[in-house]
Peer 1: 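After the structure tokens below, expect a handful of questions from me.
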Number of protein chains: 2
Amino acid sequence: MKDGPDISRVAALVGDPARSNMLLALMDGRALTAGELASLSGVTKQTASSHLARLLDGGLVAREVQGRHHYYRLGGADVALALETLLCVSERRNGSRTRTGPRDPDLRRARICYDHLAGELGVLVYDRMISGGLIVDEGSKLTVTPAGWAALDRIDIRPDEIPASRRPLCRTCLDWSMRRHHLAGRLGGQILKTILLKGWVRRVPDSRIIRFSSSGERALMAWLPPQPSPGRNSSGGRVPGRAG
Amino acid sequence: MKDGPDISRVAALVGDPARSNMLLALMDGRALTAGELASLSGVTKQTASSHLARLLDGGLVAREVQGRHHYYRLGGADVALALETLLCVSERRNGSRTRTGPRDPDLRRARICYDHLAGELGVLVYDRMISGGLIVDEGSKLTVTPAGWAALDRIDIRPDEIPASRRPLCRTCLDWSMRRHHLAGRLGGQILKTILLKGWVRRVPDSRIIRFSSSGERALMAWLPPQPSPGRNSSGGRVPGRAG
DNA sequence: TTCATGGTTCGAGGGTAATCGAACCATCAT
DNA sequence: ATGATGGTTCGATTACCCTCGAACCATGAA
């Protein structure tokens, strides 16, 4: 009778408000302590501990113990993706009921999704990289073109500096606010790391929001391939000359 | 404190085994009656009715009344996507614990996801259509190329025959068993409809499984563009010629 | 050692909701 | 009309689990 794995188990884990708040707080990819997660989700330490134990057992979070601090991190990129898709559904269903706070526009503009850039700017980066020929969708996977590596080299991202892992290099992630794809995977993480390091963006404390400095946004736009002209589309898909 | 919409509400709806069974049963895109859903999920009519009312209120399913029969269908493509991603997570987390039944290989091979083709063959169709240049990822969206329309015309799919709606024509959907993309959207639905009509595949009753007839599989392969690289090349992803 | 801090474990209380029996309503067939 | 079938509503029972107070364990500091 059961088709696949027990989907209700993980869904029930996300189904509690306290736990979902914790998970959303971890969406920025940072590892938070149990105490921080407790106060963030509005429950006592004991309750939080119980919830975290369940999340850990279910594999939705991972724990790292440092001294007397227990750091919790999201269980993986797939967990982040699942949360984003759930956000997608929630948004559509009771979106009208939810009042949008003042921070929402910033959140839509640019935010951290697990470890990479999301929001309008995240989608924009992905779009430009695709239309500019820096990455191509080969069906089975996204790959970086030679022109792409050349462009990445200009912001000091080189293949040998991206940590190796079983995780795919490029991946797409569905965007909750835009309902479009943006760049995830190791490369997506590396890009965010880089623009943070370069000071193009800075994080807003205790939130997923990231804010571009005006010079940073200019620098990003200068790095990205320009928007293609609206007329002819990809069949000729040449990499813009400036990139080479 | 709340970032976005109340994600825990929808997650809690999926979090009950009876409800998740119902939702998974609806993943094939068909509309089932309340009674069928009751027996499928293993609860009485009364319980099922209560669950369905909740799902309806949450927008996860839609109801259509015909005579004394109440047909329930999935609330939308985004709901199907969310369920697939949750399947993805569940698979990874407690996949080893779940014993794989005999039907699983068939389910992995080809199944219905909402209204389109999924599984190995679904991914294969998507891959070939991308690598063969029938559809292209323009970043913001997938579009069908002129060559793509010509190919689709050969299996009697024409632009004016695809029902208009706000739903995107082409969309990708993450595959639970393959963890890769396959073709969704209105075009994905139309393709499935077509190959069902042509008798290339037939549905296995009371499941999401679809089975290709041998002639049907040959016909599909004959229609699809051939695989680009000569041998099976799993790791050394070759960039298609025109990107360079 | 002694104290303080961060986390977990235990137990009890309380509320939500899943479940089913029974009754009720609507539709179709005879 | 009368009966049969498909669904929903109501009420009561039951079980789960969320929550927190209190106690307990581990680490770091004085």
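All values reported here derive from a predicted model rather than from experimental measurement. The chains referred to below are lettered A, B, ... by the order of the sequence lines, with proteins before strands, and numbering in each begins at 1.
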Peer 1: Is any side-chain heavy atom of A:V10 less than 4.5 Å from a side-chain heavy atom of B:V14?
Peer 2: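 The answer is no; the side chains never approach within 4.5 Å.
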Peer 1: Checking B:K198 now: which residues fulfil salt bridge (Lys or Arg N to Asp or Glu O under 4.0 Å) with it, not counting sequence neighbours?
Peer 2: B:D156
Peer 1: Specify the closest pair of heavy atoms between B:R73 and B:G29, including all atoms of both residues, with the distance to one decimal.
Peer 2: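 Shortest heavy-atom contact: NH1-O, 3.7 Å.
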Peer 1: Which residues within residues 44-54 of chain B lie with some heavy atom under 4.0 Å of an atom in DNA chain D?
Peer 2: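 Heavy-atom cutoff 4.0 Å gives B:K45, B:Q46, B:S49.
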Peer 1: Is the shortest side-chain heavy-atom distance between B:L13 and B:R54 below 4.5 Å?
Peer 2: yes
Peer 1: Roughly, in whole Å, what's the span from CG in A:L32 to P in C:dG7?
Peer 2: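 Spelled out: CG on A:L32 to P on C:dG7 is 11 Å.
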Peer 1: Going by an N to O cut-off under 4.0 Å, is there a salt bridge joining B:D115 and B:R186?
Peer 2: no
Peer 1: Please tell me if the side chains of B:V201 and B:R211 come closer than 4.5 Å, counting only heavy atoms from C-beta onward.
Peer 2: no
Peer 1: Using a 4.0 Å heavy-atom cut-off, does A:Y71 contact any base of the nucleic acid, only the sugar-phosphate backbone, or nothing at all?
Peer 2: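 A:Y71: no heavy atom of the nucleic acid under 4.0 Å.
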Peer 1: When rounded to the nearest 0.5 angstrom, what distance separates CG in B:D57 from CG in B:L52?
Peer 2: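 Going from CG on B:D57 over to CG on B:L52, the span is 12.5 Å.
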Peer 1: Could you name each residue pair satisfying salt bridge (charged side-chain N to carboxylate O under 4.0 Å, His left out) that touches residues 31-44 of chain A, not counting sequence neighbours?
Peer 2: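 Passing the test, one end in residues 31-44 of chain A: no pairs.
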Peer 1: Distances under 3.5 Å between protein N/O atoms and the N/O atoms of nucleotides 12-16 of chain D, please, pair by pair.
Peer 2:
none

Peer 1: Give the nucleotide from the list C:dG7, D:dT19, C:dT19 with an atom nearest to the side chain of B:D16.
Peer 2: C:dT19
Peer 1: C:dT5 P sits how many Å from A:H69 NE2, rounded?
Peer 2: 12 Å
Peer 1: Side chain of A:Y72: nearest nucleotide among C:dT8, D:dG6, D:dC20?
Peer 2: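 That would be C:dT8.
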Peer 1: Assess, by modelled atom type and distance only, whether the side chains of A:T47 and A:T44 contain a donor and an acceptor separated by less than 3.5 Å.
Peer 2: yes
Peer 1: Tell me: CG of A:D57 to P of C:dT9, nearest whole Å?
Peer 2: 12 Å
Peer 1: Using atom CG of A:N21 as one end and atom P of D:dT19 as the other, report the distance to the nearest whole Å.
Peer 2: 10 Å
Peer 1: Check nucleotides 28-30 of chain C for protein N or O atoms closer than 3.5 Å to its own N or O atoms and list the pairs.
Peer 2:
none

Peer 1: Just to verify, what does B:H116 make a ring-ring contact (aromatic ring centres under 6.0 Å, His included) with, not counting sequence neighbours?
Peer 2: B:H182
Peer 1: What's the CZ-C1' distance between B:R9 and C:dT16, to the nearest Å?
Peer 2: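 Value for this atom pair: 15 Å.
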Peer 1: Starting at NE2 of B:H70 and ending at C1' of C:dA26, how long is that distance when rounded to a whole Å?
Peer 2: 8 Å
Peer 1: State, yes or no, whether a side-chain contact exists between A:L121 and A:Y126 at a heavy-atom distance under 4.5 Å.
Peer 2: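 Not in contact.
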Peer 1: Quickly work out the A:L55 CG to C:dG7 C1' distance and round it to whole Å.
Peer 2: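 Between C1' of C:dG7 and CG of A:L55: 16 Å.
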